[in-house]
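Heads up: the structure comes next, in structure tokens.
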Amino acid sequence: MSRLLNKLAFANPWLVLLVWGSFVALHATYYVQSILASFPVGGEWYARSHSYQLLAFSFVRFPLWLVLLGAYFGFRGYWQGKASAPSKRGQA
């Protein structure tokens with residue numbers, strides 16, 4: 001488990017942002033398409049547009065993605081600080 005955590009903590013931040021952005025885009029696409037596919041006939045005209053649904057995504061779902069990204073970078077800072085701190089084992 002420690003090897004996996006080390007790989008996650010020391011991953012290239014640009015690669016992490018690229019993967020994170022790709023997943024956000026995939027989630028936004030899925031969200032908009034699923035809402036518009038199941039939209040009832042006779043609904044409000046503005047709610048049937050892609051831009052309105054993307055705006056709804058940005059207010060409802062995107063903050064959760066930002067929290068996830070912040071949690072990752074918080075973990076990254078904690079784990080890198082823990083790895084660079086001198087070990088207190090064996091010191092009495």
Side-chain angles (χ1 to χ4, degrees):
M1 184 71 163
S2 180
R3 289 174 59 186
L4 175 64
L5 292 176
N6 279 335
K7 284 185 179 184
L8 285 173
F10 292 100
N12 185 350
W14 292 110
L15 180 63
V16 170
L17 287 174
L18 179 70
V19 170
W20 177 83
S22 299
F23 278 111
V24 169
L26 284 172
H27 185 204
T29 302
Y30 175 76
Y31 175 80
V32 169
Q33 294 302 323
S34 65
I35 293 292
L36 292 179
S38 64
F39 204 77
V41 176
E44 300 292 335
W45 63 270
Y46 57 86
R48 282 184 259 153
S49 68
H50 287 80
S51 59
Y52 181 82
Q53 293 303 327
L54 281 174
L55 188 65
F57 175 85
S58 68
F59 282 121
V60 175
R61 307 278 173 105
F62 189 67
L64 299 174
W65 280 99
L66 287 176
V67 167
L68 181 66
L69 185 65
Y72 168 74
F73 280 109
F75 156 76
R76 178 184 170 94
Y78 167 76
W79 196 262
Q80 285 181 350
K82 184 177 171 183
S84 65
S87 177
K88 296 191 187 226
R89 246 186 250 170
Q91 297 176 0

- Query: Looking only at heavy atoms, what is the nearest atom pair of Ser58 and Pro63, with distance?
  - Reply: O-CD, 3.4 Å
- Message: Looking at Phe23, I want to see if its CZ is surrounded by more than 12 non-hydrogen atoms of other residues, nucleotides or ligands under 6.0 Å.
- Response: no
- Message: Are Val19 and Val67 connected into the same hydrophobic cluster when the rule is that any two of I, L, V, M, F, W, Y join if their side-chain heavy atoms are below 4.5 Å apart?
- Response: no
- Task: Mark yes or no for whether Trp20, through its side chain, and Trp65, through its backbone, hold a donor-acceptor pair below 3.5 Å.
- Result: yes
- Query: Which pair of non-hydrogen atoms, one from Trp79 and one from Ala9, has the smallest distance, and what is that distance?
  - Reply: CD1-CB, 3.3 Å
- Query: Any chain of hydrophobic side-chain contacts (each under 4.5 Å) joining Phe57 to Leu55?
  - Reply: no
- In this structure, are over 12 heavy atoms from other groups packed under 6.0 Å from Tyr78 atom OH? no
- Message: Would you say Val24 ends up clustered with Tyr30 if hydrophobic residues are merged whenever their side chains have heavy atoms under 4.5 Å apart, either directly or through other cluster members?
- Response: no
- Message: Please tell me whether Leu15 and Phe75 are part of a single hydrophobic cluster in this structure, the criterion being side-chain heavy atoms less than 4.5 Å apart.
- Response: yes
- Query: Using the ring of each side chain (for Trp, its six-membered ring), is Tyr52 parallel, tilted or perpendicular to Tyr46, with breaks at 30° and 60°?
  - Reply: perpendicular
- Query: Crowded around Phe10 CZ? As in, over 12 foreign heavy atoms under 6.0 Å?
  - Reply: yes
- Item | Over all atoms of both residues, closest heavy-atom pair of Pro13 and Arg76 | CD-NH2, 3.5 Å
- Task: Go through Leu17 and Tyr72 one step at a time and tell me if the side chain to side chain contact (heavy atoms under 4.5 Å, CB included) criterion holds.
- Result: CA-CA 11 Å; Leu17 287 174; Tyr72 168 74; over 6 Å; no
- Note on the structure: Rounding to 0.5 Å, atoms CG (Asn6) and CD (Gln80) come to a distance of 10.0 Å
- Message: With rounding to the nearest 0.5 angstrom, report the OG1 to NE2 distance, Thr29 to His50.
- Response: 9.0 Å
- Between Ala47 and Leu36, what is the shortest heavy-atom contact and its length? O-CD2, 3.9 Å
- Report yes or no: does Gln53 contribute a side-chain atom to a donor-acceptor pair with the main-chain N or O of Tyr31 at less than 3.5 Å? no
